[in-house]
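Encoded as structure tokens, the structure appears first; notes follow it.
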There are 4 protein chains.
Amino acid sequence: MRESAQALAEAPSQLSSQQLIGALVEQGLLTDPASPRGRLLFAAARLFEQRGFARTTVRDLAAEVGILSGSIFHHFASKEQILCAVMKEVITLASARMRSAAENAGCPQEKLRACIQSELEAIHEQAVPGFSILVTEWRSLTEESQEEVLRLREEYEQIWLDAIVAAKCPGGAPALVRRLLVGALSHTYSWFKPRNRGLSIPDLTDHIFQIFTP
Amino acid sequence: MRESAQALAEAPSQLSSQQLIGALVEQGLLTDPASPRGRLLFAAARLFEQRGFARTTVRDLAAEVGILSGSIFHHFASKEQILCAVMKEVITLASARMRSAAENAGCPQEKLRACIQSELEAIHEQAVPGFSILVTEWRSLTEESQEEVLRLREEYEQIWLDAIVAAKCPGGAPALVRRLLVGALSHTYSWFKPRNRGLSIPDLTDHIFQIFTP
Amino acid sequence: MRESAQALAEAPSQLSSQQLIGALVEQGLLTDPASPRGRLLFAAARLFEQRGFARTTVRDLAAEVGILSGSIFHHFASKEQILCAVMKEVITLASARMRSAAENAGCPQEKLRACIQSELEAIHEQAVPGFSILVTEWRSLTEESQEEVLRLREEYEQIWLDAIVAAKCPGGAPALVRRLLVGALSHTYSWFKPRNRGLSIPDLTDHIFQIFTP
Amino acid sequence: MRESAQALAEAPSQLSSQQLIGALVEQGLLTDPASPRGRLLFAAARLFEQRGFARTTVRDLAAEVGILSGSIFHHFASKEQILCAVMKEVITLASARMRSAAENAGCPQEKLRACIQSELEAIHEQAVPGFSILVTEWRSLTEESQEEVLRLREEYEQIWLDAIVAAKCPGGAPALVRRLLVGALSHTYSWFKPRNRGLSIPDLTDHIFQIFTP
DNA sequence: GATGAATGAGCTTTCATTCAT
DNA sequence: GATGAATGAAAGCTCATTCAT
């Protein structure tokens, strides 16, 4: 009974995840995951996240999608451009998801909770593969690429700041609180495994929410 | 008022920073910073922190201490072993500092505050150069090296856990709270610059303390 | 008289030397000598034999085939793997030649004579470049590579043992006799030059045959 | 009973082995094995034989005698000079042993037998450590060193040639027969282990003697 | 768009050798 | 004679990138 209720409750968000991607692809904001370029970006997201950018070779990447390393440069000008493209895809998808999550939230507190959970899902579920790279591999980008990604990221961060302000989080300026949250949340990648029976993403969301709200 | 009181309080611990290192060197727990090996480790800590481990070459390292790249392998068997050695020095020094800071704290709340401030100082001041590597370059270590460092790290983490328990932090299990703090604090490396007039380390400590205590 | 008879007898086998290689290449047992990999192996065989494995650098090898050192690792994973590949080519070709030579022999005595001559040709003529490496550089192989080559070598050695048994050589067990022959024959590389007018390969074969048969 | 008989029979040759070395040292023909230089040469003989010259580092050598690598160059000008010195020691000792063995032989056949056995003992027993290097590492010497060693070797080879001539070995010129023997005997290093119960050095000597005599 | 071969700069590492102490 | 630190040339190898086919 619990499961069917859950299925009902999750169904719309599950659906909208696919629908979201579809809509973004149609708008030209996201690369079609089924296209060669899309499969490459997906593989890159996974490998960069697992092994790190510097420890992933172009050959690894090519092998992952079943082509030869030389062929990669028909799609991207350089390895760094792949990282940049991954980050742009990541932030585009994460933004859309977060906007949708924040809009559905009733009260300010729920909004913040939704932000936390949305980012945790981005990091730990298949929702936004490669999300943690935004933090861990930031320095592997050239300055130009950093600026490009930052521009795309603005909307995403604005949703967060609004939520923090509305929830009246303690700890000083909202930007500071957000930065602490960025660190705390992104680091969960290296220790939190939602498969463990002990702690689910909603559970973890609760704990973090409890800490960061008055 | 706050600042002058703090100056008085910190003076002795500032002094003991040099004494601490001296004592640890004499006990054989730390490499003499004046020795060739010590100078190499110091330079490595700085460069690995600034540029990242993979982006720092052995030649960079050698140039920094004024020797040739081949000479490095007179002191270390591999580049990875340098990283491992840096981390062990880092955790040894940070442990000693934190123990001393925690012991001097009066009440449980002050103890937690001391821990936060000690780690922030480790990250941002000359106190423990290379501290942030512990988090950012963890995956650059072999598994064997990770185990070695983890063993040394146990005492350090125990102090933290004790402080979190005593301060009755909200947010679930102490280990979970600590992990969120690890992320939040280590990430400050990439955005917080104490030289900015706006925010000092004690100020930042206050904010974080406020968030993580009831 | 002797020489003209021999010329007649050898003509077909000389022809089949090229045909042999062609056939082995088609069966996938030998690398095409015209391919990049094949040219590399050929150059390696020559250099390893002349200068020794340790004294030949990867850069020497690359220069010999007109590429850059890095390009070698497009074809082989390591220098040692090149040595291993050379030995496998060598034993494959030598096996085919010896089998053909042994089959054409009339009586048991002629069979042993054919084995001796075939191995001497392998060592001293263009027949099987790099043959002597099998003995002189054996210890430069890893244990895994040694096993690989040994497996391939079994057939070759079996032909020898059969010939020794059939010829009723004195001196104890056939395996022992073969080992003495391995040493005696491979060492000829360092002193016997067939270009010297004095002694031809058939002459040398005669002498050795005389010693090792009753 | 057998053992005591053997002890009696071997005693003189055992004694003379030590006495031989002592005499040679006193005459200034051999380095005192107890001296630092002597211990270095002994270690080098062992390591060069086991691992090969190129695969043995100066550090290995130094470690073996308990000094640091830099100190080696107080005794020898270069690594190659160590190899050369080892070979000179080896051929000096081997010459003396062989002369003594040949002189004690009664008939021509026994003389050849004594030569074979003496060389086998040099290779496989503690009699002349490093003997096999003379063949396997010949190419690691500079031409100057080769000439030096060759001069010393002349007497040794002359004893062999005399024995081969006297024994009326088949197989052509005595020099040719000797070269085949050099190859066959030196190669035994890589397969014959006298510790095996199966085959002793006298046994092996018998087999080889049987092959090389009419 | 893909392939396979090659590039070439630069990497970590090795090691015989030197030398002030 | 020994030490330990350093040298410096050269080694094996890596890898993003190029390009003719």
Side-chain angles (χ1 to χ4, degrees), chain A residues 35-37 39-40 53-63 65-83 140, chain B residues 35-37 39-40 53-62 65-83, chain C residues 35-40 53-62 65-83, chain D residues 35-37 39-40 53-63 65-83:
Chain A
S35 71
R37 185 188 150 103
R39 291 194 301 131
L40 203 51
F53 176 72
R55 281 181 295 276
T56 303
T57 73
V58 172
R59 266 183 165 73
D60 293 338
L61 224 55
V65 291
I67 58 176
L68 288 184
S69 68
S71 309
I72 285 195
F73 295 89
H74 287 281
H75 301 282
F76 296 96
S78 72
K79 188 187 172 190
E80 192 265 351
Q81 282 292 304
I82 302 177
L83 178 60
S140 299
Chain B
S35 71
R37 184 188 151 104
R39 291 192 300 132
L40 204 51
F53 177 72
R55 281 180 296 277
T56 303
T57 73
V58 171
R59 276 172 169 77
D60 292 338
L61 223 55
V65 287
I67 59 175
L68 290 184
S69 70
S71 309
I72 286 194
F73 297 88
H74 191 60
H75 302 282
F76 297 97
S78 70
K79 189 187 172 192
E80 192 265 349
Q81 282 290 305
I82 303 177
L83 178 60
Chain C
S35 71
R37 185 189 150 103
R39 290 192 299 131
L40 206 49
F53 177 71
R55 282 181 295 275
T56 303
T57 73
V58 171
R59 279 173 170 80
D60 292 339
L61 224 54
V65 287
I67 59 175
L68 290 185
S69 71
S71 309
I72 286 193
F73 297 90
H74 190 60
H75 302 281
F76 297 96
S78 71
K79 189 188 170 191
E80 191 266 349
Q81 283 291 304
I82 302 178
L83 178 60
Chain D
S35 71
R37 185 188 150 103
R39 292 194 301 131
L40 204 51
F53 177 72
R55 283 180 294 276
T56 303
T57 73
V58 172
R59 266 183 166 74
D60 293 339
L61 224 54
V65 289
I67 59 176
L68 288 184
S69 67
S71 309
I72 285 196
F73 296 88
H74 287 281
H75 301 282
F76 296 96
S78 71
K79 188 188 173 191
E80 192 265 350
Q81 282 293 305
I82 302 177
L83 178 60

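Letters go in sequence order (proteins before strands), and every chain restarts at 1.
Looking at every heavy atom in both residues, A:Lys79 comes nearest to A:Ala54 through NZ-O, 4.0 Å. Closest non-hydrogen pair, A:Glu80 versus A:Ser140, comes out as CG-O, 3.8 Å. The minimum heavy-atom distance between C:Leu68 and C:Ala62, with the atom names listed, is C-CB, 3.6 Å. Across all their heavy atoms, C:His75 and C:Ser71 have their closest contact at CD2-O, 3.5 Å. Listed here is the closest heavy atom pair of D:Phe76 and D:Arg37: CE2-NH1, 3.5 Å. Shown here for A:Leu40 and A:Leu61, the closest heavy-atom pair between the two residues is CD1-O, 4.5 Å.
One atom, CD1 of B:Ile72, and another, C1' of E:dT13, lie 11 Å apart when rounded to the nearest Å. Atom pair D:Asp60:CG and E:dC15:P shows a separation of 8 Å (rounding to whole Å applied). Going from atom CD1 of C:Ile82 over to atom C1' of F:dA11 covers 13 Å, rounded to whole Å. As rounded to whole Å, 15 Å separates atom P of E:dC15 from atom CZ of C:Arg55. In this structure, C:His75 atom NE2 and E:dG4 atom C1' are separated by 9 Å, rounded to whole Å. Between the P atom of E:dG4 and the CG atom of A:Leu68 lies a distance of 5 Å, rounded to the nearest Å. Per the geometry, CD1 belonging to B:Ile67 stands 16 Å off P belonging to F:dA9, to the nearest Å. Atom CD in C:Gln81 sits roughly 15 Å away from atom P in F:dG12 (whole-Å rounding).
Of the inter-residue distances, the one linking D:Ser78 atom OG with D:Ile72 atom CD1 reads 11.5 Å to the nearest 0.5 angstrom. Interatomic distance, D:Arg39 CZ to D:Ile67 CD1, rounded to the nearest 0.5 Å: 8.0 Å.
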| Nucleic acid footprint by protein, nucleotides 16-21 of chain F - heavy-atom cut-off 4.0 Å, B for base, S for sugar-phosphate alone | SBB---
| query | How does DNA chain F look in dot-bracket notation if pairs are Watson-Crick or G-U with both distances under 3.5 Å, crossing ones as [ ], other-strand ones as |? | reply | .||||||||||||||||||||
